[in-house]
Amino acid sequence: MSSPKTSLIGLTRDGLKAALAGAGVEAKHQTMRASQIWNAAYVQGATGFDAITTLAKPLRAEFSERFSFARPEVVTAQVSKDGTRKWLIRFGPGVEVETVFIPDEDRGTLCISSQVGCTLTCRFCHTGTQKLVRNLTAGEIVSQVLVARDDLKEWPRAGRNSEERMITNIVMMGMGEPLYNFENVRDAINVIADGEGLSVSKRRITLSTAGVVPMIPKAGEEIGAMLAISLHAPRDEVRDVIVPLNKKYPIKELLAACREYPGLSNARRITFEYVMLKGVNDSNADARELVKIIRGIPAKINLIPFNAWPGAPYECSDWERIEEFGEIVNRAGYASPIRTPRGRDIMAACGQLKSESVKQRASEKMAELRSKEISRMPH
Ligand code: SAH
């Protein structure tokens with residue numbers, strides 16, 4: 001059997017050149033070959049070397065022996081009645097993530113995952129009930145964009161600066177904590193933002209973190225995407241419970257890191273995400289405290305109606321409550337859009353993502369437990 005081919009997806013330009021060097025491409029040709037391949041992969045959407053007519057035939061044959069642009073397996077592709085799409089993507093046995101596309105009038109947002117599972121155990125998040133399986137590689141992160149573009153039939157008109165493209169924005173708000181997978185996320189975002197390739201500008205890429213404080217300055221320096229912070233509560237007592245990471249990096253430290261984030265201005269604000277949990281973090285006093293603690297940070301507050309999942313320990317705040325909360329924030333001078341839940345019918349909404357394999361295993365576990373319980377029952 002021949003050895004498995006090296007995937008070129010997700011390599012940085014330097015990584016790609018190194019791969020070409022390994023295949024015997026002379027130094028003086030590496031930059032040009034890398035550009036040809038880059039264009040084919042990220043502008044044309046090539047899935048093989050046959051399509052890369054800028055390379056001479058023998059070279060295509062040689063490269064296709066060693067390298068691939070192969071896509072991961074798409075296990076399911078679902079479309080919500082509101083147009084939201086969700087793909088369950090499998091990178092290997094038990095290594096699955098969900099990727100979601102949310103079309104809007106003025107934009108199309110692709111929500112991508114950075115890890116399979118998560119270590120953070122935020123109490124309101126479904127993904128948080130799933131153990132971390134592993135970090136995704138840069139290639140696996142980038143390939144979520146490719147899968148979505150394939151399915152949306154966006155090649156090649158999705159190329160540079162196209163007005164027509166459907167995927168205009170990317171949010172790293174799927175499964176996982178991106179700042180716990182820093183290098184791969186950094187490389188992936190730099191590939192996605194490359195102006196000669198997928199060309200989604202960093203102003204249109206948002207990285208969302210639960211608040212891994214020591215990595216925030218590094219993210220500012222080496223990634224430079226827009227930053228979203230899953231704040232969810234203005235006081236440590238509450239945040240400690242709903243975002244346990246807060247015990248390690250409390251609100252004060254988190255906000256200090258936000259204040260230092262490079263390039264902030266009114267045109268380039270931090271998004272604070274705030275999930276509305278009935279009776280937990282949704283009082284007027286919470287709203288007032290919130291605007292107090294973020295004072296001075298160019299920010300907007302994204303209010304997220306809590307999306308329920310089976311067994312969730314919370315309920316979503318009433319609509320009037322969310323509006324009143326938003327009013328207070330708004331009057332203090334912060335935009336406070338309420339994030340319309342999208343794709344709830346296909347479990348594609350925020351915090352609902354979880355890979356099928358784990359659901360499967362969980363239900364098997366339940367069945368197992370039940371049978372044990374039965375066997376333990378007194379006769
Ligand atoms: N770990 C990162 C990336 C996940 S982003 C982070 O915490 O930011 C997912 C966003 O959806 C976060 O703001 C998260 O707090 C929010 N979220 C999680 N579960 C949710 C739920 N059940 N309903 C609404 N929003 C939720």
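Just so you know, residue 1 is the first one in the sequence shown, and it goes up from there. Atoms within a ligand are numbered from 1 in the order they appear, just like the ligands themselves. Everything numeric in this text was worked out from a predicted model, so none of it was measured. Heavy-atom basis, side chains included; hydrogens, waters and symmetry copies ignored.
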inquiry  = For atom 4 (C) of ligand 1, which of the options G174, C316, S113 provides the nearest non-hydrogen atom?
reply    = G174

query = Does G176 come within less than 4.0 angstrom of ligand 1, counting non-hydrogen atoms of the residue?
reply = yes

Distance filter under 4.0 Å to I304 heavy atoms, resulting ligand 1 atoms = 24 (C), 25 (N)

Ligand 1 N/O within reach of F124 N/O, cut-off under 3.5 Å = yes

message = Could you tell me if R33 and Q36 have a donor-acceptor pair between their side chains, going purely by distance under 3.5 Å?
response = yes

task = For E140, enumerate each residue passing the salt bridge (charged side-chain N to carboxylate O under 4.0 Å, His left out) test, keeping only those at least two apart in sequence or located in another chain.
result = R134

request  = Please examine the side chains of V191 and Y42, heavy atoms only from C-beta on, and report whether any two atoms are closer than 4.5 Å.
outcome  = yes

query = Heavy atom of W309 under 4.0 Å from ligand 1?
reply = yes

Any H232 heavy atom less than 4.0 Å to ligand 1 = yes

key: Chi angles and distances behind the side chain to side chain donor-acceptor pair (under 3.5 Å) call for N169, R203   = CA-CA 9 Å; N169 292 50; R203 303 183 58 102; over 6 Å; no

Pair K247 + D240: basic N to acidic O under 4.0 Å = no

query = Are any of the N or O atoms of H126 closer than 3.5 Å to those of ligand 1?
reply = no

task = Please identify which atoms of ligand 1 are closer than 4.0 Å to at least one heavy atom of C125.
result = 18 (C), 19 (N)

task = Any atoms of ligand 1 less than 4.0 Å from a non-hydrogen atom of A210? List them with their elements.
result = 6 (C), 7 (O), 8 (O)

key: Contacts of K202 that satisfy side-chain contact (heavy atoms from CB on, under 4.5 Å) - sequence neighbours left out   = I189, N190, A193

query = Does the distance from a Lys or Arg side-chain N to an Asp or Glu carboxylate O, for D50 and R60, drop under 4.0 Å?
reply = no

inquiry  = I'd like to know whether ligand 1 has A312 as a neighbour, heavy-atom separation below 4.0 Å.
reply    = no

task = Applying side chain to side chain donor-acceptor pair (under 3.5 Å) between E177 and each of T209, T127, N135, T119, report the one that passes.
result = T209

query = Quick check: does R339 get an N/O under 3.5 Å from an N/O on ligand 1?
reply = no

inquiry  = When you measure from the heavy atoms of E177 to every atom of ligand 1, does any distance fall below 4.0 Å?
reply    = yes

query = For atom 9 (C) of ligand 1, which candidate among M173, E273, M175 provides the closest heavy atom?
reply = M173

